[in-house]
Amino acid sequence: MSKGRFGDFGGQFVPETLMAAVTALEEGRNSVCPTKEFREELSFYLKEYAGRETPLTFCRNVSADMGCRVYLKREDLLHSGAHKLNNTLGQALLAKHMGKKRLIAETGAGQHGVATAIAGAVLNLPVEVYMGETDCQRQSLNVFRMELMGATVIPVKGGTATLKDAVNEAMREWAASSEDSAYILGSVVGPHPYPEMVRDFQTVIGTEARRQILEHEGRLPDTVIACVGGGSNAIGMFHPFLKDDVKLVGVEAGGRGKAPGEHGASLESGRPGILHGALSYLLQDDDGQVIETYSVAAGLDYPSVGPEHSMLKDTGRVHYESVPDDEVLNAFRYLSRREGIVPALESAHAVAYLLREQDRFEKDDIVIINLSGRGDKDITREVVHEQI
Ligand SMILES: *Cc1c(COP(=O)(O)O)cnc(C)c1O
């Protein structure tokens, strides 16, 4: 079966009870997404509501420091402050066109839950968000944000009461109610068609950046850098450059160190395995049990990664590396001071890679960093205060 495969990776490893829902979604997507009506309506929401296109900012101070030409793709300026809305608006609009009456989502730190609540509010669709009870306590502000926008947050008690338990619960609910409910997945993970569909919604990032850099510089960049959690901002940025002679770098969460449980670097340290319906690099122990992850950036705290990234790692087209938390916090402070732009801790991983590798770049080299989100959500964190 080659459907939804990226090399050996991807697929549809779902229980019988979910097969009908996944198949209906695939058919809906194939018939609705290519239509002129859908594309025009989505671009209306992206432009007039969410604020696309986002700027590609030339950073004079960082460029002077690094000795090359550094640009930031400003997804931090998208409504809600991160790229996640590109995807939730797309999936929610698709749900509406498919006649669904309700949106279901899972969330870890709450960012995807908030982005789904926004899409549900503006498209008049009720939203139910499954969230681990532990996460609800840690992220009470995001629970409040979701509820403010009319979403219902359902705390999940099982397991470690965190993201993967919330995913399991949301999938169970979707299997039981897929007739009238759509499951809005937050990254390029899960069974086919999600990795392809979410990529297609996020590709707007790279399509814009490619056109913008040609306008600014008259040529393509030498290097493009993005952080990788599930991998949606990175693949959305990389995809339009895959066929070009452009170095692509994905930066994973190095956390507190290389020991199991201390990081979120699935591509660097994982082995192929199945999680949430797809075969991909997965952090697992010798018995195939999923290992808990850790990162200072909540959005990178996922033990697997989108299957397309697994393929791009194996073919060597994209280079993946991890940076540890201390370098990330340093980059967070650096970009804030030098450009007056506070990056999300997730996005600060990409900045940290540039800081680490700065000696490799020549004066005329053009580097684009995908700034996936803004850091306002992170400035109340104790760990940030300790370092600054
Ligand atoms: C959620 C999030 C990420 C990680 O998700 P991807 O699917 O890997 O993009 C990265 N940056 C920000 C700002 C996020 O909110």
Side-chain angles (χ1 to χ4, degrees), residues 54 72-88 90-91 105-116 118 135 139 142 145 163 166-167 184-190 194-206 224-239 249-253 264-267 276 278 280-281 293 295-310 312 318 320 322-323 328 331-332 335 341-353 369-379 381:
T54 60
L72 297 179
K73 180 59 173 163
R74 302 292 304 280
E75 293 303 292
D76 61 313
L77 294 179
L78 195 69
H79 176 43
S80 83
H83 68 290
K84 287 196 168 71
L85 193 62
N86 297 321
N87 170 45
T88 57
Q91 285 193 54
E106 85 297 330
T107 198
Q111 300 303 112
H112 173 60
V114 169
T116 306
I118 293 173
D135 287 334
Q139 305 286 343
N142 276 337
R145 268 194 196 106
L163 178 61
V167 175
I184 312 294
L185 200 46
S187 190
V188 284
V189 299
Y194 286 102
E196 258 179 40
M197 178 171 69
V198 176
R199 176 198 70 201
D200 290 349
F201 288 138
Q202 292 293 1
T203 293
V204 67
I205 302 172
V224 174
I225 309 169
C227 68
V228 177
S232 69
N233 86 87
I235 205 78
M237 177 54 113
F238 294 164
H239 216 258
V249 182
V251 187
E252 293 191 291
S266 346
L267 288 162
H276 301 140
S280 198
Y281 276 87
T293 50
S295 168
V296 71
L300 305 186
D301 213 343
Y302 185 70
S304 187
V305 63
E308 193 164 7
H309 286 290
S310 293
L312 291 168
V318 179
Y320 296 92
S322 68
V323 295
V328 171
F332 178 82
L335 192 67
I341 296 171
V342 181
L345 286 171
E346 291 82 0
S347 325
H349 282 70
V351 180
Y353 176 85
I369 293 179
N370 193 22
L371 205 75
S372 55
R374 66 178 181 225
D376 300 51
K377 67 183 179 55
D378 298 313
I379 56 179
R381 299 274 305 280

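In each ligand, atom 1 is the first atom listed, and ligand 1 is the first ligand listed.
No hydrogens or angles considered: a donor-acceptor pair under 3.5 Å links the side chains of S372 and S347.
One N or O on the side chain of N142 and one on the backbone of A109 form a donor-acceptor pair closer than 3.5 Å. Checking side-chain atoms of Q91 against main-chain N and O of L185 turns up a donor-acceptor pair under 3.5 Å. In this structure, S187 contributes its side chain and V189 its backbone to no donor-acceptor pair below 3.5 Å.
The residue from N370, N87, V228 that alone fulfils the side-chain contact (heavy atoms from CB on, under 4.5 Å) condition with N233 is N370.
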- Task: Walk me through it: do L163 and D301 pass the test side chain to side chain contact (heavy atoms under 4.5 Å, CB included)?
- Result: CA-CA 9 Å; L163 178 61; D301 213 343; over 6 Å; no
Enumerate the pairs of nitrogen or oxygen atoms, one from ligand 1 and one from the protein, separated by less than 3.5 angstrom; state names and distance to 0.1 Å.
{"from": "ligand 1", "atom 1": "7 (O)", "to": "S187", "atom 2": "OG", "distance (Å)": "2.6"}
{"from": "ligand 1", "atom 1": "7 (O)", "to": "G231", "atom 2": "N", "distance (Å)": "3.3"}
{"from": "ligand 1", "atom 1": "7 (O)", "to": "S232", "atom 2": "N", "distance (Å)": "2.8"}
{"from": "ligand 1", "atom 1": "7 (O)", "to": "S232", "atom 2": "OG", "distance (Å)": "2.7"}
{"from": "ligand 1", "atom 1": "8 (O)", "to": "G229", "atom 2": "N", "distance (Å)": "2.8"}
{"from": "ligand 1", "atom 1": "8 (O)", "to": "G230", "atom 2": "N", "distance (Å)": "3.2"}
{"from": "ligand 1", "atom 1": "8 (O)", "to": "G231", "atom 2": "N", "distance (Å)": "2.7"}
{"from": "ligand 1", "atom 1": "9 (O)", "to": "H83", "atom 2": "NE2", "distance (Å)": "2.9"}
{"from": "ligand 1", "atom 1": "9 (O)", "to": "S232", "atom 2": "N", "distance (Å)": "3.4"}
{"from": "ligand 1", "atom 1": "9 (O)", "to": "S232", "atom 2": "OG", "distance (Å)": "3.2"}
{"from": "ligand 1", "atom 1": "9 (O)", "to": "N233", "atom 2": "N", "distance (Å)": "2.9"}
{"from": "ligand 1", "atom 1": "9 (O)", "to": "N233", "atom 2": "ND2", "distance (Å)": "2.8"}
{"from": "ligand 1", "atom 1": "11 (N)", "to": "S372", "atom 2": "OG", "distance (Å)": "2.8"}
{"from": "ligand 1", "atom 1": "15 (O)", "to": "K84", "atom 2": "NZ", "distance (Å)": "2.6"}

